[in-house]
2 protein chains.
Amino acid sequence: MDISDKIIGRLSQYRRLLSMIAETGQSNIYSHQIASFVKISSAQVRRDIMNIGYTGNPNNGYNIKDLAESIGSFIDDAEPQFAALVGVGNLGKAIIDYFSGRRPKLSIAASFDSDPQKQSRVIHGCRCYSLEEFDEVVRDKNITIGIIAVPTADAQKTADMLIKAGVKGLLNFAPVPLHVHSTIYIEDIDITMSLEKVAYFARQ
Amino acid sequence: MDISDKIIGRLSQYRRLLSMIAETGQSNIYSHQIASFVKISSAQVRRDIMNIGYTGNPNNGYNIKDLAESIGSFIDDAEPQFAALVGVGNLGKAIIDYFSGRRPKLSIAASFDSDPQKQSRVIHGCRCYSLEEFDEVVRDKNITIGIIAVPTADAQKTADMLIKAGVKGLLNFAPVPLHVHSTIYIEDIDITMSLEKVAYFARQ
DNA sequence: CGGTGTGAAGCGCTTCACAGCG
DNA sequence: CGCTGTGAAGCGCTTCACACCG
């Protein structure tokens, strides 16, 4: 079986939940407990865990620490992965905030902005470079992930630039569909669309 | 047929695309053109349009202006809707940025923060209030949508507060599942999860 | 022809339901 | 008992494929 993007998403949620619970000292957990926290069915939880090859036992359910590690070794690469953030506006800063030191295997290694005011400033341990330094920094720091937080008008050319430098996956916050080669994975976060959805369903 | 949340999301995308194209002066468009812009199949586009009861014609496809209006009258309410943003950090400011005056029928009418420094400041025409003023402002401004951009630890109590004040839908940026009554619609935007998905697929 | 509109088929994800087990 | 692991069923979304039309 190959793993769909939904499964990866849920695994990421499970892991986050498990690390939170681990801190309380609890050592085991049942699928229905995980399920009620993240609001999906327990069958779904069990199937997801089955998919990564981890197995619990009927007595104690799952060992929290082991399961978290299993998920980690499944969704994280063996080597750490590095991302570049392009566009250090409010959104860019918020993203750096969210991530600073959150995950050992995944970090934002550099940020870029066209505004000279921002360049060579360091925000949460992440230095901001000029766009001229782009190719060099991406190569040197072995960056494979791009985060697009630039104005809509610059999004496509930012994507092109990132991909040309060798990036393999994009997280796109610009409210516009990017056109790139199909080997590149894109995840869109479309805040406007999400708010419109909420507005629609808030009145049903 | 009732309309799923995916359909609403796509309709929102179509509308945004259509307004962009309308500005070029083009007046008609085919389903396959829409499809190639937003990267879904033309059959999907036609079916979505069918769902809202609009109909094109085999000669010219769809009239851009009419279709955009049709989508608008479907996903927008007759009355304008108002949202409240809680948490005016970098993310909160970015969200206000994104939205300021974007849609006539949907706007962020007020923001809230516990930091007195931010209170009564106006960002992009959106005034920041203290949490003490919360219930009053929400009621006065007829707010039905809440946007949660507070630190994770405060997310649940922010949600409770919003709902108690009468909000019917939530857009949640905190990386934690919120537990609320099932009549409340929640849309989660989980940036960490999204980045982990990109990281995973960037190396397949 | 090259479009739209749409019943029907296809497909992937989710849930059911139960065997197996401590 | 009450849990996990999982084949099979169910369900909803997407795509196919074709009638119809200008």
Side-chain angles (χ1 to χ4, degrees), chain A residues 1-14 18 21 26-68 70-71 74 177 182 188 193 197 200-201 204, chain B residues 1-14 18 21 26-68 70-71 74 177 182 188 193 197 200-201 204:
Chain A
M1 169 169 190
D2 54 306
I3 300 299
S4 78
D5 106 305
K6 296 198 174 186
I7 297 179
I8 300 297
R10 286 193 301 264
L11 289 170
S12 160
Q13 288 189 272
Y14 301 159
L18 292 171
I21 294 180
Q26 189 178 335
S27 69
N28 292 283
I29 194 166
Y30 297 117
S31 64
H32 66 85
Q33 295 178 298
I34 298 178
S36 80
F37 273 117
V38 299
K39 287 187 295 186
I40 57 191
S41 74
S42 63
Q44 182 76 85
V45 173
R46 291 200 301 277
R47 193 163 287 274
D48 288 337
I49 291 173
M50 190 186 96
N51 276 321
I52 63 168
Y54 185 79
T55 139
N57 90 36
N59 255 344
N60 321 308
Y62 305 96
N63 178 288
I64 291 180
K65 208 155 160 298
D66 289 354
L67 177 54
S70 251
I71 294 175
F74 189 88
S182 67
D188 290 295
M193 185 188 84
K197 278 162 73 169
Y200 179 84
F201 288 105
Q204 298 311 57
Chain B
M1 169 169 191
D2 54 308
I3 300 300
S4 77
D5 107 306
K6 298 197 173 183
I7 297 179
I8 300 299
R10 287 194 301 264
L11 289 171
S12 161
Q13 288 188 270
Y14 302 159
L18 292 170
I21 294 180
Q26 190 179 331
S27 70
N28 292 282
I29 194 165
Y30 297 118
S31 63
H32 65 88
Q33 296 177 298
I34 298 178
S36 80
F37 274 117
V38 300
K39 287 188 296 186
I40 57 191
S41 74
S42 63
Q44 182 76 84
V45 173
R46 290 200 300 279
R47 193 162 288 274
D48 287 338
I49 292 173
M50 190 186 97
N51 276 322
I52 63 167
Y54 186 77
T55 139
N57 91 35
N59 256 344
N60 322 308
Y62 304 95
N63 178 287
I64 290 180
K65 206 155 162 302
D66 289 354
L67 177 53
S70 250
I71 294 175
F74 190 87
S182 66
D188 290 296
M193 186 189 83
K197 278 163 73 169
Y200 179 83
F201 289 103
Q204 298 310 58

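We name chains A, B, ... by the order of the sequence lines, and we start the count at 1 in each one.
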Practice problem: Output all residues satisfying salt bridge (Lys or Arg N to Asp or Glu O under 4.0 Å) with B:Lys65, sequence neighbours left out; order by chain, then residue number. | Solution: B:Glu69

Exercise. Decide yes or no for A:Ile34 and A:Leu67: does some side-chain heavy atom of the first lie under 4.5 Å from some side-chain heavy atom of the second?
Key: yes

Self-check item: Protein-nucleotide distance (A:Leu67, atom CG; D:dG5, atom P), rounded to Å
Solution: 10 Å

Practice problem: Kindly state each residue pair satisfying salt bridge (Lys or Arg N to Asp or Glu O under 4.0 Å) with at least one member in residues 29-41 of chain B, sequence neighbours excluded. | Solution: none

Quiz item: What is the distance, rounded to the nearest whole Å, between atom CG of B:Asp2 and atom C1' of D:dG12?
Solution: 11 Å

Quiz item: Are B:Asn63 and B:Tyr54 close enough that some pair of their side-chain heavy atoms sits under 4.5 Å apart?
Solution: yes

Quiz item: If the sugar-phosphate is the primed atoms plus P, OP1 and OP2 and the base is the rest, what is the B/S/- string for nucleotides 14-22 of chain C, using protein heavy atoms under 4.0 Å?
Solution: SB-B--BBS

Exercise. Specify the separation, in whole Å, of atom OH of B:Tyr54 and atom C1' of C:dT4.
Key: 12 Å

Quiz item: Parallel, tilted or perpendicular for B:Tyr200 and A:Phe74, by the 30°/60° rule?
Solution: parallel

Self-check item: Donor-acceptor under 3.5 Å (A:Gln33 side chain, A:Tyr30 main chain)
Solution: yes

Exercise. Can you tell me the distance, in whole Å, between the CG atom of A:Asp5 and the P atom of D:dC13?
Key: 16 Å

Quiz prompt | Selection: residues 28-35 of chain B, any non-hydrogen atom under 4.0 Å of DNA chain C | solution = B:Tyr30, B:Ser31, B:His32

Practice problem: Would you list the pairs meeting salt bridge (Lys or Arg N to Asp or Glu O under 4.0 Å) in which at least one residue belongs to residues 48-57 of chain B, sequence neighbours left out? | Solution: B:Arg10-B:Asp48

Quiz prompt | Partners passing side-chain hydrogen bond (donor to acceptor under 3.5 Å, both in side chains) against A:Asp5 (at least two apart in sequence or in another chain) | solution = A:Tyr185, B:Lys197

Quiz item: Expressed in angstrom and rounded to an integer, what is the separation of A:Asn51 atom CG from C:dG12 atom P?
Solution: 14 Å

